[in-house]
Amino acid sequence: MMQCFHFMLEPAKSLTAKIKESHKKKKEEREPLCEDQLFVVDLAKDFSRVCQRSSVLEHIWNLEDTWPTSLCRAFILQWASVLESKKRPMQTDGWPEMDEGKLPDLITEQDLLQAKAVILNWIKDLRAQPEQSVWPGEPVVKVLEDLQSAWRWGRVPNLLTAMELVMWTLILQCLDKDTIPQQWLMWKQRTQKIGAISYIPQPVWDWMSNAAAEVTLDLDTANPDLLISCDEKRMRCGFERKEVPNYHQRFDGWWCAVGVEGFSSGRHYWEVEVGERDWRLGVAKESALRKGFKSLNTNTGYLTLRLERGTELKALTVPFTALPPDLIPRKVGIYLDYDCGQLSFYDVDKHFHIYTYNEHFTEKLFPLFGTVEIIKDLVIRSPAAKNQCLCSTSCLWG
């Protein structure tokens, strides 16, 4: 029995050893650090000295996790902007507004020097505080622990998020600590619409998916070419147009349908398995027109992502916003925070952020689904019902 148990542990031990060896190799092959990298290293050391349970930052200041110079510069400029914004009025959620900032190719050495001066001025007070004098709150601790584990296993490219959360904790010590991870997510999505987060920590993901909504397709809105399953959670294109009443709310051009229930307040989350060729997802405003082939974009009342020809991922703003091909997902998580004015899209399998619409919502929003696939179904999933049985094959299509 012990031999069998020992045999089962071998692969895990081997994998752990390989990961440690990989980190060690990167450390040994590293080029000498530049001034901007050393600046971030010193910050990580200062943060972990003052903030309790932030040992994850040791990987930065002991040089196991070294960031590219470009990332260090972006971090320095961003957080100098945050510190400067504290002098201006706060947002309603208690977090500082942040300027859009200059384009990377317009940043000068003088900009960096000024940013470092702002941070160093703030650090003077931090260095005067006793060691381990700041408690970050249990939610932040859980996120830091998850980030450390994810980084060790290679799911996180760097510990930028850990630095950000600890810095927020130290800057906004009067903020309700229990909400810091959630407010961090909303802030990141507000200040960077595309690919803002390369890995959403599991505790934050759980908080988001706990807002799971039971979404089903509204048959009275479905394009007549669409086939809808009997549980009203699957759709694909058929070969013949069905004879159905041409209600004013029915799509008769684009191959789309909306959910039965619309949302006018609160938090809501749903997931969708998508095809590989062409799909669109998001929300439709109650007043949005559904007839014909007019563009379904922000001008016509739609907040959506669309994949075209399997390679072109777009946010249908006006003009449209092209998204990097490496953000194309197989399963999409959609999170609506109506009251905060955010609609966000995520890659469910990789836990990373794709795109966020930030807008002040004033009318009911209906989940929107579109596909031209004739073989692979577009499937709506509720995180709370992942283990429920689907309809039997004999009654799959209505």
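Start at 1 with the first residue, then count along the sequence. Here the structure is a predicted model, which is why all the values come from computation and not from measurement.
- How far CG of L368 is from CZ of R290: 8.5 Å, rounded to the nearest 0.5 Å.
- The pair K45-E58 does not meet the salt-bridge criterion, since no charged nitrogen lies less than 4.0 angstrom from a carboxylate oxygen.
- Residue V258 comes nearest to T221 through the heavy atom pair N-OG1, 3.1 Å, listed as atom of the first residue, atom of the second, then distance.
- Checked by atom type, the side-chain pair Q202/D206 shows a donor-acceptor distance below 3.5 Å.
- Within the 3.5 Å criterion, the main-chain N or O of R49 finds a donor-acceptor partner in the side chain of Q132.
- For F361 and Y338, the gap between ring centers is short of 6.0 Å.
- In the model, E363 has a side-chain atom that pairs as donor or acceptor with a side-chain atom of S287 under 3.5 Å.
- At a threshold of 4.0 Å, the pair E359-K285 counts as salt-bridged, since one of the basic side-chain nitrogens sits closer than that to a carboxylate oxygen.
- Scanning all heavy atoms of the two residues, the minimum distance from V41 to W61 falls at O-CB, 3.6 Å.
- Exactly one of K193, R190, Q342, Q189 qualifies for a side-chain hydrogen bond (donor to acceptor under 3.5 Å, both in side chains) with N358. That residue is Q342.
- Here the CG-NZ distance, from L126 to K124, works out to 13.5 Å after rounding to the nearest 0.5 Å.
- Taking the ring centre of W207 as origin, the terminal cationic atom of R267 falls inside the region bounded by 6.0 Å and 45° from the ring axis.
- Residues V134 and F47 are not in side-chain contact: their nearest non-hydrogen atoms beyond the backbone lie 4.5 Å or more apart.
- Heavy-atom minimum distance, V56 versus L159: O-CD1, 3.6 Å.
- For K291, the NZ atom counts as densely surrounded, since its 6.0 Å shell holds more than 12 non-hydrogen atoms of other residues, nucleotides or ligands.
- The aromatic ring centres of Y335 and W270 sit 6.0 Å or more apart.
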### Task
Apply salt bridge (Lys or Arg N to Asp or Glu O under 4.0 Å) to the pair R280 and E308, showing each step before the final yes or no.
CA-CA 9 Å; R280 68 174 80 226; E308 295 184 56; over 6 Å; no

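- To the nearest 0.5 Å, atoms CD1 (I228) and CG (L217) are separated by 5.0 Å.
- Within a 6.0 Å sphere centred on CZ of R330, other residues, nucleotides and ligands contribute 12 heavy atoms or fewer.
- Between C256 and L296, some side-chain heavy-atom pair lies under the 4.5 Å cut-off.
- Atom NZ of K314 sits in a crowded spot, with more than 12 heavy atoms from other residues, nucleotides or ligands closer than 6.0 Å.
- Among the candidates T161, N158, D146, the single residue satisfying the side-chain hydrogen bond (donor to acceptor under 3.5 Å, both in side chains) test with Y199 is D146.
- Between H351 and Y346, every side-chain heavy-atom pair lies at or beyond the 4.5 Å cut-off.
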### Query
Can you check salt bridge (Lys or Arg N to Asp or Glu O under 4.0 Å) on K376 and E276, steps first, answer last?
CA-CA 9 Å; K376 182 175 176 60; E276 300 175 359; over 6 Å; no

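- Between F263 and P367, the closest side-chain pair of non-hydrogen atoms falls below 4.5 Å.
- For the 3.5 Å distance criterion, the side chains of Q192 and H353 fail to qualify, holding no donor opposite an acceptor.
- In this structure, V141 shares a hydrophobic cluster with W135, the cluster being traced through Ile, Leu, Val, Met, Phe, Trp and Tyr side chains under 4.5 angstrom apart.
- The distance between the ring centers of W122 and W79 does not fall below 6.0 angstrom.
- For the pair F75 and M167, the tightest heavy-atom approach, listed with the atom from each and the gap, is CZ-SD, 4.1 Å.
- Residue pairs meeting the ring pair (Phe, Tyr, Trp, His ring centres under 6.0 Å) criterion with at least one member in residues 274-294, sequence neighbours excluded, are W254-F293, W255-F293.
- For the pair K116 and F39, the distance from NZ or CZ to the six-membered ring centre is under 6.0 Å and the angle to the ring normal is within 45 degrees.
- Side-chain atoms of I328 and D347, non-hydrogen and from C-beta on, never get closer than 4.5 Å to each other.
- E312 and R309 are joined by a salt bridge, as a carboxylate oxygen and a charged side-chain nitrogen come within less than 4.0 angstrom of each other.
- W67 and Q37 share no side-chain donor-acceptor pair at under 3.5 Å.
- Once rounded to the nearest 0.5 Å, the distance linking CZ of R234 with CZ of R381 reads 5.5 Å.
- Classification of E164 and K188 as a salt-bridged pair holds, one side-chain N sitting under 4.0 Å from a carboxylate O.
- Inter-residue side-chain proximity for R306 and D278 is flagged as met; some heavy-atom pair is nearer than 4.5 Å.
- When the salt bridge (Lys or Arg N to Asp or Glu O under 4.0 Å) test is applied to E240, no partner is found at least two apart in sequence or on another chain.
- A donor-acceptor contact shorter than 3.5 Å is absent between the side chain of D36 and the backbone of R73.
- Counting heavy atoms from C-beta on, the side chains of R53 and L144 never come closer than 4.5 Å.
- Residues C72 and T69 have side chains not in contact (no heavy-atom distance under 4.5 Å, counting atoms from C-beta outward).
- Across all their heavy atoms, C237 and V372 have their closest contact at SG-CA, 3.6 Å.
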